[in-house]
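Note sheet for the following structure.
Note that ligands are numbered from 1 as they come in the structure, with each ligand's atoms numbered from 1 the same way.
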Amino acid sequence: MKKFAIAIHGGAETVKPSELDKKKEEAYRQGLADALKEGYDVLEKGGSALDAVEAAVNSMERNPAFNAGRGASLTQRGETEFDAAIMDGNTLRVGAVGSVRYVQHPISLAKVILQKCKHCLLVGTGAEEFALANNLPLKGPEYFVTTEKKEAWLDKQLERAEKKRMPGSMTDTVGAVALDINGNLAAATSTGGLTDQMKGRVGDTPIIGGGTFATNEVCAVSCTGEGESIMRGALAHEVYAMMKYAGNSLQAATDKAIELHADKLQGDRGILSMDAAGRAAFGFNTGFMKRGYWAADEEPFVALWESEKLKKPVKQKEMEK
Ligand code: ASP
């Protein structure tokens, strides 16, 4: 059987086990298992890495447990705004969007840009018009804004008014990297950004080399965490550079990128990467990163906490749903 593999993340953030309720933990694990399966199915049928990362990310964009598409966090104005990027490691083509509002699947819009547009990155209404022209489904705020995120937004407004700190809300970007049977790598990242971000703020996700990067010869990378820190460090490209020019292994390059300029840049960081052999590495400084990996002929696994081993199998019951 030819080698193929997919790895995903549903965001990294600083959180302690006591701060995460059991229902939510279960929803994350189930959501990761579902997304892994969507991506794996594409690869198993001989589909491309590009289609596989789109399918896995689409699954998490549909799932309100994650900060992408439906259930995304809200800006200061109480609105959802999405960033997304996808990169084909074979052709080095990219498609990216920033600050789009009504597009149901921002990663699919990014993919259509990759395939059909002479530009790499479209933002705001221009990106939405391109989605419309390409018959991508659009949705209104009632689809994207969930009660949970509305409450988190209201808490923030109270915090601002009372100048007191509230516990952080659970938000975070989703991403996927994959290797297909033809040896092609791809990376995709999709996000609702940071809770309470300014209108028009764009994070690292659609910045190529910042939050997303892929080349067949070396690796595919998708980042999560504080976008300002990640884009200033060009962390996705750093993983590539540390492997290509300094001869680091995938895991070493990923770990070093997590530490890079940490004194100056600070912030939560999570990096998912995959090399040309389909091995995955996860690096994070948060103690918590929603993540999963499934390679051909192996058991799938999902994990949340740092202490969880990479090989933790997903319960069969979860995968069948
Ligand atoms: N990196 C994303 C951003 O800054 C947010 C996240 O990963 O939580 O927009």
Side-chain angles (χ1 to χ4, degrees), residues 8-15 20 24 28 31-32 35 57 60-61 63-69 71-77 79-87 96-101 106-107 110 121 123-124 127 144 148-149 152-153 156 167-177 187-213 221-239 254 257-258 260 265-273 282-291 304:
I8 60 171
H9 71 80
E13 61 195 306
T14 302
V15 58
L20 183 65
K24 196 150 209 183
Y28 287 150
L32 290 166
V57 168
M60 291 184 279
E61 286 176 335
N63 186 337
F66 298 100
N67 176 25
S73 52
L74 305 184
T75 66
Q76 287 180 351
R77 299 268 184 98
E79 298 165 339
T80 49
E81 287 185 1
F82 309 112
D83 300 337
I86 191 164
M87 183 157 182
V97 294
S99 285
V100 294
R101 294 206 51 206
I107 202 64
L121 169 61
V123 302
F144 294 109
E148 184 193 344
K149 292 295 156 54
W153 178 80
K156 270 283 170 197
S169 68
M170 309 291 297
T171 62
D172 270 312
T173 298
V174 307
V177 291
T189 318
S190 180
T191 188
L194 301 176
T195 302
D196 206 42
Q197 68 182 15
M198 288 172 66
K199 185 176 176 67
R201 178 262 186 191
V202 174
D204 59 303
T205 298
I207 309 294
I208 300 306
T212 308
F213 195 68
V221 185
S222 171
C223 299
T224 170
E226 211 174 300
E228 282 69 13
S229 167
I230 295 165
M231 73 167 90
R232 286 160 68 208
L235 295 189
H237 192 268
E238 283 289 355
V239 175
T254 304
I258 291 291
L260 199 69
L265 303 181
Q266 300 176 343
D268 285 357
R269 296 171 176 194
I271 300 176
L272 160 63
S273 52
F282 299 89
F284 45 109
N285 64 358
T286 51
F288 177 80
M289 183 175 183
K290 303 159 208 146
R291 58 202 193 276
L304 303 180

Heteroatom proximity flag, Thr173 to ligand 1, N/O under 3.5 Å:
yes
Ile230 N/O to ligand 1 N/O under 3.5 Å:
no
Does Gly211 have a heavy atom less than 4.0 Å from any atom of ligand 1?
no
Say whether Thr205 and Thr191, considering side chains only, have a donor N or O and an acceptor N or O under 3.5 Å apart.
no
Examine Gly227 against ligand 1 and note whether any of their N/O atoms are separated by less than 3.5 Å.
yes
Check whether any heavy atom of Gln197 sits under 4.0 Å from an atom of ligand 1.
no
Does ligand 1 have any atom sitting under 4.0 Å from a heavy atom of Gly193?
yes
Spatial distance of atom OG1 (Thr75) from atom CG (Leu194) [nearest 0.5 Å]:
11.5 Å
Atom 4 (O) of ligand 1: of Arg269, Arg201, Glu228, the nearest heavy atom sits on Arg201
With nothing but distance in play, are any N or O atoms of Asp83 less than 3.5 Å from an N or O of ligand 1?
no
For Thr224 and ligand 1, does the shortest N/O to N/O distance drop below 3.5 Å?
yes
Taking every non-hydrogen atom, the tightest pair across Ala96 and Pro206:
CB-O, 3.7 Å
Geometric N/O contact Asp204 with ligand 1, under 3.5 angstrom
yes
Would you check if there is a donor-acceptor pair between the side chains of Thr189 and Thr212 at a distance under 3.5 Å?
yes
Show the atom names and distances, to 0.1 Å, of all donor-acceptor pairs under 3.5 Å that link a side chain in residues 226-235 to residues at least two apart or in another chain.
residue	atom	partner	partner atom	Å
Glu228	OE1	Arg201	NH2	2.8
Glu228	OE2	Arg201	NE	2.9
Glu228	OE2	Arg201	NH2	3.2
Ser229	OG	Gln266	O	2.6
Ser229	OG	Arg269	NE	3.2
Ser229	OG	Arg269	NH2	3.4

Side-chain heavy atoms of Glu148 within contact of Lys24, under 4.5 Å:
yes
My understanding is that only residues two or more places apart in sequence, or in another chain, count here; which of them pass side chain to side chain contact (heavy atoms under 4.5 Å, CB included) with Ala72?
Asn67, Thr80, Phe82
So for Met231 against ligand 1, with non-hydrogen atoms under 4.0 Å, the contacting part is neither
Ligand 1 atoms in contact with Gly225 (distance to a heavy atom under 4.0 Å)
1 (N), 2 (C), 3 (C), 4 (O), 5 (C), 6 (C), 7 (O), 8 (O)
Testing the 3.5 Å rule here: is there a donor-acceptor pair between the side chains of Thr14 and Asp268?
yes
